[in-house]
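Naming: A, B, ... by sequence-line order, numbering from 1 per chain.
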Amino acid sequence: MTNVLSDEDIPLSQRKATVTSKISETAKKRKSVTVKNERSISDSDDQIPLKKKRATETAVVATKAQPSSKKIKTEEKLSKSPASTKASPAKANGKSKKVNNVSAKQATEPESDIDEKPLAKRKVKKTDSKADGDDTSTQEKEEEEFYKWWESESNDGSVKWNSLVHNGVLFPPPYEPLPAHVKLKYKGVPVVLPPEAEEVAGFFGAMLETDHAKNEVFQSNFFNDFKAVLKNCGGPHLNVEKFEHCDFTDIFNYYEEKRVQKKAMSTAEKKRVKEEKDKLEENYKVCYLDGRKELVGNFRIEPPGLFRGRGSHPKTGKLKERVMPEQVTINIGFNTPIPQPPDGHDWAEVKHDNTVSWLATWKENINGAQKYVFLAANSSLKGMSDYKKFEKARELKNHITRIRKDYTKELKDELMANRQRATAMYLIDVLALRAGGEKGEDEADTVGCCSLRYEHVSFKPPNTVVFDFLGKDSIRFYQEVKIDPQVYKNLKLFKKAPKKIGDQLFDRLDPPTLNRHLQNYMPGLTAKVFRTYNASKTMQDQLAKIENKGTVNEKYVAYNAANRTVAILCNHQRTVSKAHEQSVGKIEDKILEIKLQRYRLKMTIAQLDPKLKKSDPEYFQPDPELDDTAMDRLIDQIIQREKDKVAKKFQKENEKRAAEKEEALSESELRTRMKVVEELEAEYKKERKTGKAEIKNGMTVEKLQAQIEKLNERIVNTTLQLKDKEDNSTVALTTSKINYIDPRLTVMFSKKYNVPIEKLFSKTLREKFKWAIESADENWTF
DNA sequence: CTCTTGACTTAGCATATAGTAA
DNA sequence: TTACTATATGCTAAGTCAAGAG
């Protein structure tokens with residue numbers, strides 16, 4: 001078991017990695033772009049006073065031991081009647097207990113065992129009505145001030161609530177059968193399907209034109225499940241055996257038409273539909289947690305459909321079945337009215353577990369995974385855990401120096417397990433890799449650090465490693481990295497024969513082992529904390545480089561550039577939109593057109609003052625990309641556009657006249673209007689032929705030069721816009737903004753640089769990060 | 001201990017809505 | 001005002017990690 005290595009003596013290299021990363025395609029087409037990503041991991045300083053640290057620790061212990069007796073008291077009546085807003089007892093209680101419990105780590109267990117855990121089971125025994133009655137009779141105030149949990153005592157989080165009131169979940173509407181004339185055809189013959197089967201055929205038909213429906217695995221998984229449903233519900237009047245013989249186009253057309261209709265609805269109709277939807281949802285979207293109104297995140301039970309796995313997922317296309325109330329477990333406060341299941345149905349179970357935050361759960365049939373209904377991102381519960389996540393990452397800065405020193409040393413450890421661990425830590429720290437847990441046969445083949453395999457790394461001497469693998473969501477990770485020479489050696493070693501394709505690089509390491517080791521440095525430290533830490537640290541460093549001057553817009557652009565650095569570090573990508581290529585082409589054309597106009601102005605100057613051209617012939621040359629073909633094409637384009645415009649305007653005017661019962665404009669009117677465009681065309685053509693521009697009255701060299709200056713500006717701006725678009729086309733900024741960058745950094749930036757927070761955080765983000773907005777100032781540091 | 005399950009965060013894509021240029 | 005694009009939000013899949021089961 002103890003694999004001994006020969007000791008290789010390599011001087012401690014500088015702790016800096018230069019990374020050339022090629023953000024690029026997943027299995028699908030992604031545009032590949034080369035990015036230079038330079039990041040120095042030079043250390044941060046260990047300087048948080050020990051005292052402070054200890055204080056937080058005791059606080060955590062203390063609240064854990066908080067007695068739960070009060071819970072019984074805070075029970076409430078169902079949501080619609082405004083819940084009681086009595087302040088949660090947590091604060092006062094936690095505080096008084098704290099004193100007694102400073103040394104209470106031990107005491108926690110037995111006490112809380114009796115006191116907290118069994119609460120759920122106790123509910124039956126409870127003789128609660130009294131406490132309950134008391135509670136509701138106390139006059140309830142409507143809507144208390146927003147609860148600033150971040151200003152109250154910290155709370156250890158093992159008890160998530162003392163009272164929880166909600167209305168359960170919203171089920172998707174039942175299936176609406178297709179009209180009689182819309183049918184699946186089998187070998188050209190319409191098939192009469194029972195509704196259960198028709199629904200499944202409809203799922204496929206509706207997505208006929210998507211990439212999914214063209215994927216063979218998807219087709220075959222779908223078809224197997226479809227046949228099973230057919231068999232189950234008695235089967236159609238003729239045998240449906242082969243996918244190839246199925247024709248879904250009628251179904252597709254039907255749904256397509258419905259979509260078009262929906263889109264074409266008038267604003268008033270749309271409004272009405274939305275109101276109906278809101279009405280349906282209003283009961284479900286809020287709940288009361290410890291008496292405070294909070295939003296529920298996903299109160300809707302996921303509708304049935306075909307499973308859309310990411311990447312090449314073996315189960316993609318399988319039928320995701322309709323979830324029935326009998327499969328749904330509700331979690332709700334003790335003595336709280338239980339939401340009514342739909343008529344004629346029952347819940348699978350009703351729990352009262354206040355150590356979890358979910359309101360409902362069910363098991364999904366594709367992977368057997370649990371699905372949950374949680375509170376929304378702006379809820380106190382989510383906010384608190386978000387806050388804790390960032391505080392944990394901040395705490396890491398007190399340990400990072402030592403951790404880095406240790407793993408650098410252990411890169412040469414004689415024990416294989418240690419050497420692998422150190423190498424993995426390096427990759428997680430420097431390249432921001434995920435932990436990489438084991439995955440099954442029936443999942444997409446994706447990896448993280450610990451699950452990297454032989455085929456995922458290759459070498460370019462002297463010390464460049466090429467990483468190429470599919471990570472979470474089958475997003476490709478491709479980087480050529482100049483790496484610490486010892487890490488280079490180690491990876492080579494981990495690949496050594498007899499290892500071959502398919503074998504794990506880190507065969508003596510897995511995430512639990514790694515995380516256990518990390519806990520030694522800091523309680524709660526796990527692999528993912530490094531991503532948060534490095535993302536936020538990088539953001540802070542990038543923001544620090546921004547000069548506090550210029551317009552708000554310029555600062556905003558600089559902020560986004562910092563954000564982008566982080567997104568690249570975390571390899572957050574997005575597929576280039578279908579329209580991207582096209583819209584880039586449009587902008588490129590726009591630039592060319594401006595250049596053409598600039599060239600024409602220059603020609604005019606040459607006409608007005610030929611001496612100028614003699615003295616600087618270079619200036620009067622057309623831009624290199626403006627060759628003859630390009631110019632002709634652009635001119636055609638401009639003329640065509642003008643013609644379309646005239647025609648459209650003419651048509652509009654006539655429609656208006658028709659509506660007002662006026663006489664339509666004559667065809668000759670249209671011709672007269674077109675003539676103007678034709679004259680313009682003739683002018684362009686003549687210019688092209690003679691190479692001379694027409695001089696219009698009032699033109700002077702100065703005026704023309706001023707116009708050229710304007711055009712120059714527009715060219716610069718548009719080019720920048722294009723570059724920005726290209727740079728951003730494959731990088732997703734939002735993921736890091738939502739999950740990795742401590743929001744207090746953004747708040748700091750907003751205040752210090754006078755950029756309105758609205759510009760940096762969308763409405764939802766402002767709500768989610770309310771705690772940060774209200775607690776950080778311009779001097780806040782991560 | 002290893003394997004599985006439960007609970008929660010993180011992720012990109014699809015669609016709705018807002019914003020903006022024509 | 002309209003038409004298009006950019007951004008925001010909704011959705012749910014796919015990770016991580018701790019705790020429970022065997």
Any [X] side-chain N or O less than 4.0 Å from OP1/OP2 of [N]:
| X | N | result |
| --- | --- | --- |
| A/Thr735 | B/dT10 | no |
| A/Ser357 | B/dA7 | no |
| A/Lys763 | B/dT17 | no |
| A/Arg434 | B/dA11 | yes |
| A/Gln370 | B/dA7 | no |
| A/Arg531 | B/dA11 | yes |
| A/Lys382 | B/dT9 | yes |
| A/His313 | C/dA14 | yes |
| A/Lys389 | B/dC8 | no |
| A/Gln573 | B/dA11 | no |
| A/Lys320 | C/dA13 | yes |
| A/Arg308 | C/dA13 | no |
| A/Asn298 | C/dC11 | no |
| A/Lys371 | B/dG6 | no |

What does [X] touch in the nucleic acid at a heavy-atom separation under 4.0 angstrom: a base, only the sugar-phosphate, or nothing?
| X | result |
| --- | --- |
| A/Phe374 | base |
| A/Ala444 | nothing |
| A/Lys737 | nothing |

Checklist entry - Rounding to a whole Å, what distance do you find between A/Arg310:CZ and C/dG15:C1'? => result 11 Å

Checklist entry - A/Arg673: what forms a side chain to side chain donor-acceptor pair (under 3.5 Å) with it, not counting sequence neighbours? => result A/Glu653, A/Glu669

Next on the checklist: Looking at A/Glu281, I want to see if its CD is surrounded by more than 12 non-hydrogen atoms of other residues, nucleotides or ligands under 6.0 Å.
Outcome noted: yes

Checklist entry - According to the interplanar angle, ranging from 0 to 90°, do the rings of A/Trp358 and A/Tyr372 count as parallel (below 30°), tilted (30 to 60°) or perpendicular (above 60°)? => result tilted

Next on the checklist: Can you confirm whether or not the ring centre of A/Phe761 sits under 6.0 Å from the ring centre of A/Phe769?
Outcome noted: yes

Checklist outcome for this item: Closest to the 5' end of DNA chain B, once A/Ile738 and A/Gly368 are matched to their nearest nucleotides, is A/Gly368

Checklist outcome for this item: Judged by nearest nucleotide, the residue sitting upstream toward the 5' end of DNA chain B, A/Arg516 or A/Tyr372, is A/Arg516

Checklist entry - Does any N or O donor sit under 3.5 Å from an N or O acceptor when you compare the side chain of A/Lys472 with the base of B/dT10? => result yes

Item to check | Between A/Asp353 and A/Thr355, a side-chain donor and acceptor under 3.5 Å | outcome: yes

Next on the checklist: Under 3.5 Å, is there a donor on one side chain and an acceptor on the other for A/Thr446 and A/Lys439?
Outcome noted: yes

